[in-house]
Amino acid sequence: MLLTVLGRMLFGVVSVLALVGTVSAHEIRPAYFQIDEMAASRYKVVWRTPILSGMRLPVVIRFSRDVRNVTAPAERELPDSLVETRVIETHAGIAGSRVEFVGLQATITDVLVRVHMLDGTVETTMIHPSQPWIDFAATRSPLAATKVYFASGFQHILLGIDHLLFVFGLLFIVRSRWMLVKTITAFTVAHSITLAVATLGKVAVPALPLNAMIALSILFLGPEIVRVWRGQTSFTIRHPWIVSFAFGLLHGFGFASGLTALGLPQGDIPFALLMFNLGVEAGQLAFVGLILLLIAALKSIEIRLPRGLELMPAYVVGILGAYWTIDRIAAMLGGTA
């Protein structure tokens, strides 16, 4: 009876995570809105919206009444987004005015807003569907951009169910605290390298094959957890930090999609890359700390559970890894995004 109930619980957990994972397999790319001051009261506007599953984002920008178009909006279509440019003018200046993102509240997409003034000051803000507008202030905080990029990295890792599941699987293979430190550090160093080279445009990896390989890395950990449970050994169990580093290179390219999708100016990328990566690391460490606390709490309770229940992490990692691998290979062969 108990095993039946546990089996149903496992099926429910896997089903929910699979549904969430299917959504996260297709990255939720943010929109990007940029204003560059060209002269007194005249500004160039860039409005970049992602194309998701072949459909454009149903959001339009609305300026204050005192803003007029100097040039008509010109639209250019890219493989993954639409870019609209125009020149606007406002006699009172942009400070104190508002831009609304009409329709954003009906989506799950954020908008990164960047304003560059002639005096060199830069304002960076993230707009969320819950408050789909921005009021431009006369003064700008130099810490705003730091918070935006850090929060973006933190959010990206916490919404990346596949990345977190890989880290989750590693925790059940590592046998000592020192090896855990080496393994997590190796994963961090590896994905930081590929995150940097991908964001700086040095290397480009097609999204569909990359997603399939990331899913395969998760599937790979399932049998390894079973071997640990059986008291067996393997190269991965003896040297988890090497495997963590190798697969971390793949996951770094996946992290890069969250930053490169913003379409930032080249000069902003180094700083954005640093803060985004720190946000990713903070989210990853928070997740590892939470899992370790839960494991310690369960051990302190000293409840005797069926030995087979210890294999639940292996089942979750293995089943979801297999599901995502098949799903992403099918998407790759079918040519869908």
Side-chain angles (χ1 to χ4, degrees), residues 27-142 144-145 148-149 152 199 201 257-269 271-272 276 337:
E27 296 288 348
I28 300 174
R29 298 187 294 271
Y32 180 66
F33 181 75
Q34 178 176 324
I35 294 182
D36 292 311
E37 187 178 24
M38 303 171 62
S41 302
R42 181 166 291 196
Y43 308 86
K44 178 182 178 181
V45 175
V46 178
W47 170 230
R48 184 176 186 267
T49 54
I51 297 176
L52 305 173
S53 301
M55 303 195 54
R56 66 181 301 168
L57 187 70
V59 178
V60 296
I61 51 176
R62 179 190 295 163
F63 294 96
S64 301
R65 292 182 178 180
D66 61 335
V67 175
R68 71 177 188 88
N69 287 332
V70 176
T71 63
E75 193 172 87
R76 179 165 53 100
E77 184 170 349
L78 301 178
D80 62 345
S81 60
L82 292 175
V83 179
E84 179 187 286
T85 59
R86 71 176 81 178
V87 175
I88 63 172
E89 188 175 62
T90 172
H91 296 295
I94 200 172
S97 65
R98 167 178 290 195
V99 174
E100 299 178 41
F101 300 93
V102 182
L104 186 68
Q105 65 275 15
T107 73
I108 55 173
T109 302
D110 295 329
V111 179
L112 178 68
V113 177
R114 180 184 181 273
V115 181
H116 187 195
M117 307 299 288
L118 283 177
D119 62 6
T121 59
V122 177
E123 177 183 7
T124 304
T125 308
M126 188 69 79
I127 303 301
H128 306 289
S130 58
Q131 184 175 310
W133 68 82
I134 177 173
D135 293 316
F136 296 104
T139 58
R140 298 170 178 83
S141 168
V148 167
Y149 296 133
S152 295
T199 303
S257 65
L259 191 55
T260 56
L262 296 177
L264 295 172
Q266 200 68 25
D268 285 8
I269 288 180
F271 176 73
F276 184 87

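One-based numbering along the sequence shown.
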Requested in this report: List the steps, then state whether side chain to side chain contact (heavy atoms under 4.5 Å, CB included) holds for M38 with V87.
Outcome: CA-CA 9 Å; M38 303 171 62; V87 175; 4.0 Å; yes

So, do [X] and [Y] sit near enough that their side-chain heavy atoms are less than 4.5 Å apart?
X    : Y    : value
D36  : M117 : no
V113 : T124 : no
D110 : Y32  : no
F33  : I61  : yes
F101 : W47  : yes
M126 : S152 : yes
T107 : L57  : yes

Query raised in the report: Where do E89 and R42 come nearest, in terms of heavy atoms and distance?
Result: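 It is OE2-NH2, 3.0 Å.
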
Query - Name of the residue among L118, V115, V70, I88 meeting side chain to side chain contact (heavy atoms under 4.5 Å, CB included) with Y43 - result: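 Single side chain to side chain contact (heavy atoms under 4.5 Å, CB included) partner of Y43 among L118, V115, V70, I88: I88.
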
Query - For V59, the option from L104, V111, T109 that meets side chain to side chain contact (heavy atoms under 4.5 Å, CB included) - result: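 Of the listed options, the one satisfying the test is L104.
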
Requested in this report: Just do the side chain to side chain contact (heavy atoms under 4.5 Å, CB included) check on V45 and T85 with the steps written out, would you?
Outcome: CA-CA 6 Å; V45 175; T85 59; over 6 Å; no

Requested in this report: Check the pair V46 / R114 against side chain to side chain contact (heavy atoms under 4.5 Å, CB included), numbers first and verdict last.
Outcome: CA-CA 10 Å; V46 178; R114 180 184 181 273; over 6 Å; no

Requested in this report: Before giving the answer on salt bridge (Lys or Arg N to Asp or Glu O under 4.0 Å), spell out for R86 and E75 the whole-Å C-alpha distance, their side-chain angles and the decisive distance to 0.1 Å.
Outcome: CA-CA 9 Å; R86 71 176 81 178; E75 193 172 87; over 6 Å; no

**Report entry** Atom CZ of R98 with >12 non-hydrogen neighbours under 6.0 angstrom
**Finding:**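 Yes, because the 6.0 Å sphere around CZ of R98 holds more than 12 heavy atoms from other groups.
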
**Report entry** Check: T90 main-chain N/O paired with S41 side-chain donor or acceptor under 3.5 Å
**Finding:**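 Checking the backbone N and O of T90 against the side chain of S41, a donor-acceptor pair under 3.5 Å is found.
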
